[in-house]
Chemist: 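Supplied in structure tokens, the structure appears directly below.
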Amino acid sequence: MDLSVLNLQQLEAVLHKDGPLLVFAGAGSGKTRVITYRIANLIHTHGVSPRHILAVTFTNKAANEMKERLRHLLGDAARGLWVGTFHSICLRILRESGTAIGIPPNFVVYDESDQLEVVRQALIALNIDEKQFNARTIANQISRAKERLLTPEQYQERAIDFFERIVASVYRNYQAFLRSANALDFDDLLVRTIELLETQPLIRARYQDQFRYILVDEYQDVNYAQYVLVRLLAENHRNLCVVGDDDQAIYSFRGAEVELILRFEQDFPDAKVVKLERNYRSTQPILDAAHKVIQENTLRAPKKLWTERTDGAPITFTQAIDQEDEARIVADYIFQQVRQGKRRFKDFAVLYRTNAQSRAFEERFLRERIPYRLVGALRFYDRREIKDLLAYLRVVVNPDDSVSLKRIINVPPRQIGQSTLNAVQAHAAEWGISLYQALNDPRLLGTFTPKTLQAVQQFVLLIEELREFARTHSLTATVKRLLESSGYLAWLEQKGDADSLDRAGNLREFVTVVEGFERKLQDEEETPEDTLNAFLQHIALLSDIDTLDESRDQVVMMTFHAAKGLEFPVVFLVGLEQGIIPHALSETPRDIEEERRLLYVGMTRAMDELHLLCARERSVYGSRKAAIPSPFLRALADTPMPSLFQLRYGGAKPSPLQWTPPHRRQEPPKPAPEKPAPFLPGQRVHHPQHGYGIVVRTQEHVVTVMFPGGKGLMSFPLQGCPLEEA
DNA sequence: TTGTCCCCTATTTTT
DNA sequence: TAGGGGACAA
Ligand SMILES: Nc1ncnc2c1ncn2[C@@H]1O[C@H](COP(=O)(O)OP(=O)(O)OP(=O)(O)O)[C@@H](O)[C@H]1O
């Protein structure tokens, strides 16, 4: 195997065979590469069987890439390796061995919205007003508790105020509900795996023996439960290699604790520590700027980072008028670079703090026919029609899954309305049975009018018939059958509006996805039921980034969070404004430092070019608000940063960041009393603050003017613009 | 029971 | 801005 693609420090980490190992290093220093080559080396040089190796990645996509690279390095010798996220690995363990603690392998994985629904049900059962205690907040609290491995009882003991006591009772109820629906939420996957390993010595011994080498990427973002799981699994062989960078810890809102990586050397006093200092990804100007930003943080371990790419383009900073202008500037730049043959679309990434910011870019890119892929909060599988279909499938697997049943009982409408549903729910709650059991309970059915009774019985018949069908047919056939016999597809088509037809299209696409999944499983001998289970569980753990296809020539857009671990030749960081990053909701110094790390993660995704943008004005909830640059950019005050205008039109020499101090409020644009004078390119104009300039271009609503004296180009909305002919 | 219309509110980030 | 929920008529 060719280890010459590693530097000395990387080699040191890769060759370290037994015992705990910490690779602690900055962005782009080749940490992930170390993990990959360490695995390859263990298999190739030391003859370790792949099934004795467990590698944990942050996303499913990262797992797939690692598998792919190992296949490339080792060919078939890499088969049998365990690579996946914490959640997918726990899922696999629970499927294999969960029965020992009463988890049948066909459990359902509840996602966030299912979770919320369960909390709502619990609130109703406990007679708590949802307006008084927000279901989402409570669901979050429950998640936090599980991440700290607190049972409802333990949580209750620790509850210090009224709210927490409420949460404790909801939590207890919530767990009971999950159990009766044979469901696990995301956190349960970890919690129950740990429970399994802690209470079942034989099973623990088996997995501890199996995973002789454990490697964890992005260790700075593990939470307490994940930490406990790793320790538990590694306890015996102690061949644990963790890799991370405290400056890239950005998931504390999800319970992750950076302290866990900082504590590694105390947990394993004999740990070998390797630091990597050479960055292979970015040019010097990018690295310098990123370093200036992150250096402002106080809670960090200092680290060096250098690069041989000392000759890069300067980073740019551009203030746009508003978000549309921001999108326009980015689109123009991309278009120009592609047209000149310098770049392809897939070389570009647009990164932002919040998903809502993608909108202006989508619109602009659509208009300019720039192909793009949005990695969004809304997954394909989260679309309403797909979730409905999945709910049907879950009910087919497990009719006692009341959350799913409730979702589809009247979709499409089948005469089972709110009042019937209320009666069913009340009955189910009263007798402690599932909704489906209630629907079959003569005591309840007796109270229905003939019309309702018929509707209910038809529904039960539909489900039974589908269950029978699913037992004896392929997954694809079942899905097709379901779309027919539930009347779902017909319902959408009969509605006939654009939205419904769109949804119908998505459902057909879903059938294709199912076919693909089934084809991949072909070699494994599975019963139709197993296939269906595996499919549902698999989908529950997918995130949108996992479906990103990097071979397609398209610009990618995603949040800073989603970009973790990725790299792109040209990166635009947009909306770098106070209130967005740091986000207005971050308050404590700790929060602020995490926001700064987020910016750092974004900056360090760039290989060749980094472009920072912000807008002077932004629409929030539809109303326009003045915006000022993010205070984080102050760290770059002495960095020469030309704007994209200057880059394009030449003009003034790169100037330092023009800082608009926070106290100097931007004037909201005054509505123009008369039709604005049309400006022509080449025309001389005067601006009250910036003085004389030359118009370089006019568009429908915007005029761009070049000012002398290092000011470069500025754009103004024609509406209410203070420019005058000179 | 269904469908429509209008008002209100929520928005950080996600496995 | 949008989408969810409540009020109301058919
Ligand atoms: N020894 C090396 N020689 C050449 N290129 C390398 C070397 N090590 C890593 N690289 C390249 O550097 C880039 C960053 O590597 P990698 O993703 O492993 O870094 P990382 O430390 O995991 O980054 P991050 O923390 O930002 O996710 C990749 O393109 C990788 O191929």
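Side chains included, hydrogens not; waters and symmetry mates left out as well; all remaining heavy atoms used. Predicted, not measured: the structure shown is a model, and the values here were computed from it. Letters go in sequence order (proteins before strands), and every chain restarts at 1.
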Chemist: Could you tell me how far apart A:Leu189 (CG) and B:dT14 (C1') are, to the nearest whole angstrom?
Modeler: 14 Å
Chemist: Working to the nearest 0.5 angstrom, can you tell me the gap between A:Gln115 CD and A:Tyr110 OH?
Modeler: 11.0 Å
Chemist: With a 3.5 Å cut-off and just heavy-atom distances, do the side chain of A:His583 and the base of B:dT12 make a donor-acceptor pair?
Modeler: no
Chemist: With A:Tyr488, which residues qualify under ring-ring contact (aromatic ring centres under 6.0 Å, His included), at least two apart?
Modeler: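 Here the qualifying residues are A:Trp491.
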Chemist: What is the separation between atom CZ on A:Arg136 and atom P on C:dG3, rounded to the nearest whole Å?
Modeler: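 After rounding, the gap between these two atoms is 15 Å.
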Chemist: Expressed in angstrom and rounded to an integer, what is the separation of A:Glu112 atom CD from B:dT15 atom P?
Modeler: 10 Å
Chemist: What is the distance, rounded to the nearest whole Å, between atom CD1 of A:Ile250 and atom P of B:dT15?
Modeler: 11 Å
Chemist: B:dT13 base stacked by A:Phe253? Criteria: ring centres under 5.5 Å, plane angle under 30°.
Modeler: yes
Chemist: Between A:Asn60 and A:Glu595, which has a closest nucleotide on DNA chain B that is more 5'?
Modeler: A:Glu595
Chemist: Using whole Å, what does the distance between atom P of nucleotide B:dT14 and atom CE of A:Met558 come to?
Modeler: 11 Å
Chemist: What is the distance, rounded to the nearest whole Å, between atom NZ of A:Lys625 and atom C1' of C:dT1?
Modeler: 13 Å
Chemist: Heavy atoms from C-beta onward define the side chain here; which of B:dT15, B:dT14, B:dT12 lies closest to that of A:Tyr251?
Modeler: B:dT14
Chemist: Using OP1 and OP2 only, check whether a side-chain N or O of A:Arg359 sits under 4.0 Å from C:dA2.
Modeler: yes
Chemist: Can you find a side chain N or O atom of A:Asn134 that sits less than 4.0 Å from OP1 or OP2 on B:dA10?
Modeler: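 Checking A:Asn134 against B:dA10: no side-chain N or O falls below 4.0 Å of OP1 or OP2.
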Chemist: Calculate the interatomic distance between A:Asp382 atom CG and B:dT14 atom C1'; express it in whole Å.
Modeler: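 So the two atoms are 11 Å apart, to the nearest Å.
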Chemist: When rounded to the nearest 0.5 angstrom, what is the spacing between CD1 in A:Ile138 and CD1 in A:Ile128?
Modeler: 6.5 Å
Chemist: Grab the N/O contacts between the protein and nucleotides 5-10 of chain C below 3.5 Å, and write none if there aren't any.
Modeler:
none

Chemist: Among all residues two or more places apart in sequence or in another chain, which pass the salt bridge (Lys or Arg N to Asp or Glu O under 4.0 Å) test with A:Arg92?
Modeler: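 Result, salt bridge (Lys or Arg N to Asp or Glu O under 4.0 Å) vs A:Arg92: none returned.
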Chemist: What does A:Phe560 touch in the nucleic acid at a heavy-atom separation under 4.0 angstrom: a base, only the sugar-phosphate, or nothing?
Modeler: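 No contact.
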Chemist: Tell me every residue that passes ring-ring contact (aromatic ring centres under 6.0 Å, His included) with A:Tyr381, counting only those two or more places apart in sequence or in another chain.
Modeler: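 Per chain and number, A:Tyr381 pairs via ring-ring contact (aromatic ring centres under 6.0 Å, His included) with no residue.
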Chemist: Counting just side-chain N and O atoms, does A:Ser543 come under 4.0 Å of either OP1 or OP2 of B:dT14?
Modeler: no
Chemist: Under 4.0 angstrom, heavy atoms only, what part of the nucleic acid is A:Leu585 near: base, sugar-phosphate, or nothing?
Modeler: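 Base, at least one base heavy atom under 4.0 Å.
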Chemist: Kindly write out the residues that satisfy ring-ring contact (aromatic ring centres under 6.0 Å, His included) with A:Phe448, not counting sequence neighbours, or none if the list is empty.
Modeler: none
Chemist: Between A:Arg300 and A:Glu594, does at least one N-O distance fall below 4.0 Å, as a salt bridge requires?
Modeler: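 A salt bridge is absent here (no side-chain N lies under 4.0 Å from a carboxylate O).
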Chemist: At under 4.0 Å between heavy atoms, which parts of nucleotides 1-9 of chain B does protein reach? Answer with one letter per nucleotide, 5' to 3': B base, S sugar-phosphate only, - none.
Modeler: SSS------
Chemist: So, is A:Thr559 near the phosphate of B:dT14, with a side-chain N or O under 4.0 Å from OP1 or OP2?
Modeler: yes
Chemist: Does the distance from a Lys or Arg side-chain N to an Asp or Glu carboxylate O, for A:Glu363 and A:Arg367, drop under 4.0 Å?
Modeler: no
Chemist: Measure from CG on A:Asn223 to C1' on B:dT14 and round the result to the nearest Å.
Modeler: 12 Å
Chemist: Less than 4.0 angstrom from a charged side-chain N to a carboxylate O is my criterion; do A:Lys146 and A:Asp188 meet it?
Modeler: yes
Chemist: If you draw a 6.0 Å radius around CD in A:Glu493, do more than 12 non-hydrogen atoms from other residues or ligands fall strictly inside?
Modeler: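 Atom CD in A:Glu493 is crowded, with more than 12 foreign heavy atoms closer than 6.0 Å.
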